[in-house]
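Input: a single structure, listed below in structure tokens.
The sequence lines fix the lettering, A, B, ..., with proteins before strands; numbering per chain opens at 1. Note that the structure is predicted; figures quoted are calculated from it, not measured. Heavy-atom basis, side chains included; hydrogens, waters and symmetry copies ignored.
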Number of protein chains: 4
Amino acid sequence: MTSKQHSSWRRKLHDIIYEADTPLGKLFDVVLLILILLSVLFVMIESVAGLPKYVYDWLYVGEWVITIFFSFEYIARIITVKKPARYIFSFYGIIDFLSTIPLYLTFLLAGSNYLLTVRALRLLRIFRILKITRYIGESNKLKRALLHSRAKIFIFLFAVLIVCIIAGTLMYLIEGEESGFKSIPVSIYWCIVTLTTVGFGDIHPITPLGQFLAAIIMIMGYGIIAVPTGIVSAEYAKKDNYVHVNSCACPNCNAAQHRDDAKYCHRCGEELHPEEF
Amino acid sequence: MTSKQHSSWRRKLHDIIYEADTPLGKLFDVVLLILILLSVLFVMIESVAGLPKYVYDWLYVGEWVITIFFSFEYIARIITVKKPARYIFSFYGIIDFLSTIPLYLTFLLAGSNYLLTVRALRLLRIFRILKITRYIGESNKLKRALLHSRAKIFIFLFAVLIVCIIAGTLMYLIEGEESGFKSIPVSIYWCIVTLTTVGFGDIHPITPLGQFLAAIIMIMGYGIIAVPTGIVSAEYAKKDNYVHVNSCACPNCNAAQHRDDAKYCHRCGEELHPEEF
Amino acid sequence: MTSKQHSSWRRKLHDIIYEADTPLGKLFDVVLLILILLSVLFVMIESVAGLPKYVYDWLYVGEWVITIFFSFEYIARIITVKKPARYIFSFYGIIDFLSTIPLYLTFLLAGSNYLLTVRALRLLRIFRILKITRYIGESNKLKRALLHSRAKIFIFLFAVLIVCIIAGTLMYLIEGEESGFKSIPVSIYWCIVTLTTVGFGDIHPITPLGQFLAAIIMIMGYGIIAVPTGIVSAEYAKKDNYVHVNSCACPNCNAAQHRDDAKYCHRCGEELHPEEF
Amino acid sequence: MTSKQHSSWRRKLHDIIYEADTPLGKLFDVVLLILILLSVLFVMIESVAGLPKYVYDWLYVGEWVITIFFSFEYIARIITVKKPARYIFSFYGIIDFLSTIPLYLTFLLAGSNYLLTVRALRLLRIFRILKITRYIGESNKLKRALLHSRAKIFIFLFAVLIVCIIAGTLMYLIEGEESGFKSIPVSIYWCIVTLTTVGFGDIHPITPLGQFLAAIIMIMGYGIIAVPTGIVSAEYAKKDNYVHVNSCACPNCNAAQHRDDAKYCHRCGEELHPEEF
């Protein structure tokens, strides 16, 4: 019976870690959320130079506490899940592993301090916890809208990139090195900065012709910005009262534009055989 | 009867202060509006250095006039309202109090000149007066559209923030201090400046890899800007006051564009037979 | 009969100048269009310093030719129109006058060279000529969409301005003069530059708190940009197949949401008396 | 029979080059795609100064390989097509010619190194190959949406340009040369940079009046950005493939959301009586 008892103990732990319906499960999620946010905050503060030494000391202690908690959590996740290998090599499994390991690596590898910044990736773990919130519905809708406009967005970005390469090459020829357009890649970088209306100003045209071309690029960018907005707007605007129709024609009355889920013609009642199309 | 008379006097004052239907009430609102705008203007002019001394003197006198008017108004609001405590701790009650007090505080506290700038908050009082204008309908619609997209906007801002933290951390690793990316918080600040397409140019990537990542962030920001627009557009497009019309024509008067649910012609009252179309 | 002949001569000239249906009228419009564009081009080239002297000489000659043509045209417009006073004080009458006079004024007034730049206003005359093009339909639609969203846009700009004043005041307090935030008006200017995502970078926050507030302003500006877009999009999206409904209720069947032009209830055919509502 | 054999050999080559249905045709397209991308990459890398000499040597060799391939391809395209003249002077014919010739020209003309950058135009050839992909549908939709809004976009750009010219002239008068507003064309350039919210910061107003006008231009630009977005959104929202559904339920199977013009249920074929609803 030990095995069964063990199994029941594992199931309980599994419910706490992976689910959020029990009070303990909720508490676990809240603690995890706070630790993730704290840990990311620690990484940020650590990067600020010029703070008093005891701050860095406390951050180091805090980092140890979080790393140990994450280590136990990682082990618990592996032993309570039915197929550990599947978890370990899943997206969140890898994120969990990368979240746990950086501090240990500083002992093995000298100069692995940069690895510590990998801890910022812990932020991605938040998405797992937020899976339980009511916002996931909205998030899904957003994701769906983006997925549906996938092809449109790809074509759009491709066109933007080609415009940037050609305009960047022209600017490189017109302006030359003394204006900061040192090479074609740098010119393309400038072109992206301009077309997206960011406009740092680190590089900017000086010659009249260059400024003229820049003005055209800017106005173009201004017009182009409308395209992704229009795409996503239209995707969002697809209200529940509209259904998608296909181009099938009814074999009886030849009526076209049937709903995708139509089995019978809406005009004459004839049975449709969509599988034949 | 004194109490009743007093009560009637209080009611009259209450109508003048809180309502705008009587000529005196309208006059009060207009005077208040002008004083608020003047007072905010005074704060602005005061902050400009290098003006002749008599300007500052006149501003000081003007400020006293406004403060005294606001003091009387504040007292009047308290004594005419039925539940003074409720008013005092309401949003507008606190704004009114903060609008009145700064000048008095300069006597009590040395170096409280900075408090004087709190007077800019007086601008918020305008919203109370504008409550009476015809624009409030539009303002409500705007507020409603924003409220309805609350969850979507929250998810969106959350995603933007996570992108900024991760991209900021990467830029900090790639560019380092010599490019101005002094710490992760500064890098995140740069990332927000870039993603929102503001692009001050005070900090900007120098290394090719940093410029490449920056280009990706910018194009992403360009695409992301479509999302809130799409959300608000779709929210606005949800028109309550519009109904879909079809292309049926009335058999009697030939009026077209009937509502989908119309049984009778809206122009001549003739019975429609949509099934015949 | 001289008077009649004269009248007929005036009518012919009137048709040439004010209309575009005859070949001569079209020719006149094309010549006028070219002269307006040339004249604006001359103003631009004149402002460029460092060109050889003969360019400025030729520009001066060209300017004289255009001014004389415009003078004759202005006189012709006055003598051919029925109510000269009405034309002279109309919008286009004033523009025409301002387009003609600058060169003459340089003789009367010394140092009136700046007045010459007023000639750039000649560009506004183009709108009169373009009245005849096919684009005017689109232009009207654009104007209508903007007019319909007038109240919404006003509320929006008002809200943006209040946000800018309050955020500008806060930035002035936080950053102070050494960061370039010299006074509240300058801070408000910076705030507008940032909120509209222009971001010149001439003034930018240096302190962590200032950068934090700036980040919030930017993200807000990023979200706010969605509002006017949503407004105009929704206005544009009002397709012909939708009609506006009001909140009247039928006196017979109590059906609500009738079309604005409905005379009979669409559900029961009862006569509606919208004038009673 | 040689002529026929030759003809068949030509037809085969034609299918390989111009079509993508056969395995060889697909392979040809993939090879061409890779060579185009490589060639554009080579142009970019070549423009970067400071790389070791052997990199430039290898790029030169690679360029020769690509040029020879393109030369054979160009000749093959001419001999396999029925009307060579028509191909040669078509858009893609000219692009193909310009893609092939630059390297040969360096022998004929001294200092024709700048011509080499013309090779970036090879990127345009990609569009021919992509004609075969599934993205072309989306691309067409995008093109159609832009074509339909042609007149609107023209009016919009024209209005933007007039605003820029007038505002640029005003800024030139207000700010003058010491702020960087050297001439009216430069001021117009600044105005476009500002109105499109790019904001390089190379030129920026210094005087209070100039900053005030700049603020107005920026807010205007912020509002104006809504217009093209609204246009394209509305154009996109015109969905051909969607029909409006009403809330009727089928009396037989109770399926809801029938098309407005449905007479028979799309699920069970039962006759609908919309007049009963």
Could you give me the CA-CA distance, side-chain angles and deciding distance for B:V198 and A:V198, then say whether side chain to side chain contact (heavy atoms under 4.5 Å, CB included) is met? CA-CA 5 Å; B:V198 172; A:V198 172; over 6 Å; no
Validation row: A:P185, B:P208 side chains within 4.5 angstrom (heavy atoms): no
What's the separation between atom CG in A:D202 and atom CG in B:D202, rounded to the nearest 0.5 Å? 11.0 Å
If you measure from OG on B:S183 to CE on A:M44, what distance do you get to the nearest 0.5 Å? 10.0 Å
Other residues, nucleotides, ligands: >12 heavy atoms within 6.0 Å of A:Y56 OH: yes
Any residue of residues 209-219 of chain B which, by heavy atoms, sits under 4.5 Å from chain A: B:Q211, B:A214, B:A215, B:M218, B:I219
Quick check on B:P205 against chain A: is it the side chain, the backbone, both or neither that has a heavy atom closer than 4.5 Å?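 Backbone plus side chain of B:P205, per the 4.5 Å heavy-atom cut-off to chain A.
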Which residues from residues 188-195 of chain A are near chain B, with near meaning under 4.5 Å between non-hydrogen atoms? A:Y189, A:I192, A:V193, A:L195
